[in-house]
Protein chains: 2
Amino acid sequence: MNRSGSTKERILAAAETLFAQRGFDGASLRQLTSDAGVNLAAVNYHFGSKEKLVEQVFRRRLDALNAQRLAALARVAGQPDTRLEDVLDAFIRPALELSHEDSGSLFMRVLARAFAEHDDSLRKFLSENYGHVMRQFTAEFARLLPQLSKEELYWRIDLVTGALTHAMSGFGMIQRKSDVSERTHREQTVAHLTRFAAAGLRAGA
Amino acid sequence: MNRSGSTKERILAAAETLFAQRGFDGASLRQLTSDAGVNLAAVNYHFGSKEKLVEQVFRRRLDALNAQRLAALARVAGQPDTRLEDVLDAFIRPALELSHEDSGSLFMRVLARAFAEHDDSLRKFLSENYGHVMRQFTAEFARLLPQLSKEELYWRIDLVTGALTHAMSGFGMIQRKSDVSERTHREQTVAHLTRFAAAGLRAGA
DNA sequence: TTGTCGTTCAAACGATCGTTTGAGCATACG
DNA sequence: CGTATGCTCAAACGATCGTTTGAACGACAA
């Protein structure tokens, strides 16, 4: 039972963990509030409903992720000597840092779950709130890969996103070994992903 | 309401669709049996429990997928003139064909959902039942990419799998346009994925 | 002290869940 | 014919769900 922070913060932290473990439907408010050490009614009091709590869990993490991505992109984009690897790093590293924060590693399971739920409302939510981030990255990729048609580029960015999501979810054959620090493992993941994605994006060039 | 086939078949078909739409927890047996046009008790009569129904949904599709993958791999592996693209095609095409069958496009959402659930029992289930397939593909990839260390190879196969899963789930920016046939779209997807993955696997060579 | 406001609490609400039950039906075999 | 077998059916079971309620609490202002 978590006893640090305000009631709202305790709920959000417990929600992120439990949603990742049991899914949005599988996680009951009774279990959630018990883990958080708060009363059952606190969720509806502070968030209005379970559904709105889910949305808050998303917003809290995605706002931070996209802010970091945009800041990282701004540091490298538009320069005459920008390397493809720099843009990929700005795209990949914030996501992996998020997925390796203390309880943040669980958020990516939450996100993967949401991708799996995958109804149009989620697509609309992401597009409306964070679509401009993808547009900025796409524009920079297009600048550095002028030989690719717009359709080709969209395809390849999609595939990079898929590889990134997979690496974040931690489901693959590759697992962090116990004798490797989280930071080292993250750096290795960034390196592998960047090299793989850069080659994939440049394919046929 | 589906009225063709036996009760068991109707349940399996409806389950695949509804699990994909609502998730394993979110899909109720009452909705499921209503869609299938069978009695509520039929699930427990024919499958024993909801959980065993879920397992049957998995087995039915994964058995077919892995059989096709192994058959395709056997046609190209071990030859002196095998191309990396041939092995990738054997890995990718059966998955995409499965995901484009009439109701099969929904199965990949089911699978993506299961990946998101992502507890160790699923990992164990996949490893025990279909691990030998991945081992055969890995061996052939290793033969064609001798310059890669074992760890590098595992990483890259993981990333290829992520890109494939993403493409199958249909969540990316790329959506099939209404004026393109399913077959054409599948062939385009195979082509994009193969080119991207081949370049990624060969990176640094 | 009294009153107010934000918050927490135990308890209960109605709805829905997976599962079980036992009667009823059809077909096949003696 | 009788009856055994495989299956379907409506109905009910207990459990658990998200949500609501109204009382109680603590801090602070009048």
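Order of the sequence lines fixes the chain letters, A, B, ..., with proteins taken first and strands second; residue numbering starts at 1 for each chain. On a predicted model such as this, the values are computed, not experimentally measured, just so you know.
- In this structure, a donor-acceptor pair under 3.5 Å is absent between the side chains of B/Asn39 and B/Tyr45.
- Between the CG atom of B/Leu29 and the C1' atom of C/dT19 there is a distance of 9 Å, rounded to whole Å.
- Between B/His185 and A/Trp155, the angle of the ring planes lies from 30° to 60°, which puts this pair in the tilted group.
- A/Thr194 and A/Arg93 share no side-chain donor-acceptor pair at under 3.5 Å.
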Can you pull every protein N or O that's under 3.5 Å from an N or O on nucleotides 25-28 of chain D?
none

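- Distance, B/Arg30 CZ to D/dA11 P: 13 Å, rounded to whole Å.
- B/Lys50 places its NZ atom 19 Å from the P atom of D/dA15, with the value rounded to the nearest Å.
- Using cut-offs of 30° and 60° for the angle between ring planes, the B/Phe58 and B/Phe24 rings count as tilted.
- B/Arg75 meets the salt bridge (charged side-chain N to carboxylate O under 4.0 Å, His left out) test with no other residue; sequence neighbours excluded.
- Between B/Ser28 and C/dC17, a side-chain N or O to OP1/OP2 separation shorter than 4.0 Å is present.
- With sequence neighbours excluded, the residues forming a salt bridge (charged side-chain N to carboxylate O under 4.0 Å, His left out) with A/Glu152 are A/Arg156, B/Arg195, listed by chain and number.
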**Request:** Test A/Ile157 against A/Met134 for side chain to side chain contact (heavy atoms under 4.5 Å, CB included), laying out the working first.
**Result:** CA-CA 10 Å; A/Ile157 292 177; A/Met134 281 310 295; 3.7 Å; yes
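- As rounded to whole Å, 12 Å separates atom P of D/dC7 from atom CZ of B/Phe47.
- Applying the salt bridge (charged side-chain N to carboxylate O under 4.0 Å, His left out) criterion to A/Arg30, with sequence neighbours excluded, gives no partner residue.
- Between A/Arg10 atom CZ and C/dT7 atom P there is a gap of 14 Å when expressed in whole angstrom units.
- Recorded end-axis angle for the helix from C/dT1-D/dA30 to C/dG30-D/dC1 stands at 20°, based on five pairs per end and rounded to 10 degrees.
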Check nucleotides 20-22 of chain C against the protein and report each pair of N or O atoms closer than 3.5 Å, with its distance, or say if there are none.
none

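- A salt bridge links B/Glu85 to B/Arg202: one of the charged nitrogens lies within less than 4.0 Å of a carboxylate oxygen.
- Between A/Leu32 atom CG and D/dC17 atom C1' there is a gap of 13 Å when expressed in whole angstrom units.
- A/Glu9 contributes a side-chain N or O that, together with a main-chain N or O of A/Ser6, makes up a donor-acceptor pair within less than 3.5 Å.
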**Request:** Evaluate side chain to side chain contact (heavy atoms under 4.5 Å, CB included) for B/Arg59 paired with B/Asn129, printing each intermediate quantity in order.
**Result:** CA-CA 9 Å; B/Arg59 283 197 180 278; B/Asn129 291 280; 3.2 Å; yes
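- Separating the NE2 atom of A/His46 from the C1' atom of C/dT8 is a distance of 8 Å, rounded to the nearest angstrom.
- Rounded to whole angstrom, the span from the CG atom of B/Leu18 across to the P atom of C/dC17 amounts to 11 Å.
- A close approach under 4.0 Å does not occur between any side-chain nitrogen or oxygen of B/Thr7 and OP1 or OP2 of D/dC7.
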